[in-house]
Undergrad: 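Submitted below is the structure of interest, expressed as structure tokens.
In this text, all values refer to a predicted model and were calculated from it rather than measured experimentally. Every chain is numbered from 1, with letters handed out A, B, ... down the list of sequences.
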Amino acid sequence: MRDRVRAIVGSMNLLPVPVDSLSDQDSLFDAGMTSFGSVQLMMAIEEEFDIEFPNSLLTRKTFATLDGLNSAVEQLVSQKA
Amino acid sequence: MNVPAKAVQSPEAFLNALFDESILIKTGVDGLYGRAGVFEEVIDRFENAVTKIAVGDQATRIHFPPGMPRKNLEKAGYLKSFPQLAGCVHSFMGDNADHMKLVGMIERGEDWTEMQDATEVALTPAACYPLYPTVAAAGPVPDDGRLFDLKSYCFRHEPSQDPGRMQLFRMREFVRIGTADDVTSFRATWLERGEQLIKSLGLPCVIDLANDPFFGRPGRMLASNQREQGLKFELLIPVASDENPTACLSFNYHQNHFGSLWGMNFANGEAAHSACVGFGLERTALALFRHHGTKVDAWPDDVRRVLWG
């Protein structure tokens, strides 16, 4: 699952640097992701995993790092199962 | 009689009181009103008070029309964030046969708007939108930045019977373009100036963190981003409701969003930052009528001194 999230970020041209140069803890916003980029990422992840982020997770914090995103996706996928 | 009094039962009741007193004039469309001479005089006087505060800043004054190039609205990302508010101008571009069809549709009471096509013009949603591409086109931003004084009629499609939510309204704006320090210090200065001015007009107000009305679920993300980064503050005054006060002034820090987008760069190629303070002129006038009544001659002396000198 972590690899899929990383692959989505890498495939979306959201960052001026390769996603592999970032650790799971690095800030995607500091790496150059825009606010609207985070929205595009949210929609791509929802489609990939067939999940819907609840309002409580639609925050800058959720999308700030790959770690944060992975936790949210894991939580939503397990709730769906 | 000096009405409406301070107690406002509902936004609709306040709107009807303004109609009854001929302060605003009905047109048949919510949010689209005529303004009485006294309403315009209050706006003029308020603007003069704003100008007086800013006179030493030596801002460059520009007056854009209320329409802007549609392609610039698209590039600015307005339709990504606020598709529900945008307005584009459409016009008939057909031939003689199309004209006959159009007239026939109108005569039969049919929807004729399909006979129009989009023009190159979009209605300006905020006074500063036309500014950034023109600054970028003028060459590198000087090291000490730029300061502009703007005013425009603005359009937002949000029909409502809250008089504080008009579809066509005027916005006076000061826009600072420069380094992050320059523009955030400009915003801090105007947060103080704005609050002092509104308090000097005898209006209750509070400044609060805010977010723009971004559209849909993605909008929740954008709003959360904006709030978490403290990019927008509003000065709120109870106008048509005590529970939901109206944003009459807003103080926005855009980071280097517009600088990067439009290539509004310093000579070293770095994108400039920008910030703006916007005065909702109709909203502030409505706040004055709400709190001091419809007879401006009866307004408190200290308020009249600020506005009439």
Undergrad: If you take all heavy atoms of Leu58(A) and Met221(B), which pair is closest and at what distance?
TA: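 That closest heavy-atom pairing would be C-SD, 3.6 Å.
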Undergrad: Strictly less than 4.5 Å between heavy atoms, which residues of residues 77-89 of chain B line up against chain A? Please order them by number.
TA: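 Near chain A, by residue number: Lys80(B).
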Undergrad: Which atoms form the tightest heavy-atom contact between Ser224(B) and Thr59(A), and what is the distance?
TA: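 Ser224(B) and Thr59(A) have their closest heavy atoms at OG-CA, 3.1 Å.
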Undergrad: Is it the backbone or the side chain of Gln40(A) that comes under 4.5 Å from a heavy atom of chain B, or both, or neither?
TA: neither
Undergrad: So does Leu222(B) get a backbone contact from the side chain of Ser35(A), meaning a donor-acceptor N/O pair under 3.5 Å?
TA: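 Side chain of Ser35(A) to backbone of Leu222(B), a donor-acceptor pair under 3.5 Å: no, none is there.
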Undergrad: Where along residues 255-283 of chain B does a heavy atom come under 4.5 Å of chain A, listed by residue number?
TA: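 Listed by number: none.
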Undergrad: Please identify each residue that fulfils side-chain hydrogen bond (donor to acceptor under 3.5 Å, both in side chains) with Glu195(B), with sequence neighbours left out.
TA: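 Glu195(B) satisfies side-chain hydrogen bond (donor to acceptor under 3.5 Å, both in side chains) with Lys199(B) once adjacent residues are dropped.
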Undergrad: Are there over 12 heavy-atom neighbours, none belonging to Phe215(B), within less than 6.0 Å of that residue's CZ?
TA: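 Counting other residues, nucleotides and ligands, CZ of Phe215(B) stays at 12 neighbours or fewer.
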Undergrad: Would the number of heavy atoms belonging to other residues, nucleotides or ligands and lying under 6.0 Å from NZ of Lys71(B) be above 12?
TA: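 Result for NZ/Lys71(B): open.
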Undergrad: Within a radius of less than 6.0 Å around CD of Glu47(A), do more than 12 heavy atoms belonging to other residues, nucleotides or ligands occur?
TA: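 Incorrect, the count does not exceed 12.
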Undergrad: Looking only at heavy atoms, what is the nearest atom pair of Phe29(A) and Asn225(B), with distance?
TA: CZ-OD1, 3.8 Å
Undergrad: Counting only non-hydrogen atoms closer than 4.5 Å, can you tell me which residues of residues 226-235 of chain B sit against chain A?
TA: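 Expected list: Glu228(B), Gln229(B).
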Undergrad: Counting only heavy atoms not in Asp143(B), do more than 12 fall under 6.0 Å of its CG?
TA: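 No.
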Undergrad: Could you walk me through whether Glu46(A) and Arg217(B) pass side chain to side chain contact (heavy atoms under 4.5 Å, CB included), step by step?
TA: CA-CA 12 Å; Glu46(A) 287 189 340; Arg217(B) 283 187 69 240; 2.7 Å; yes
Undergrad: At what distance, to the nearest 0.5 angstrom, does CZ of Arg220(B) lie from CZ of Phe53(A)?
TA: 15.0 Å
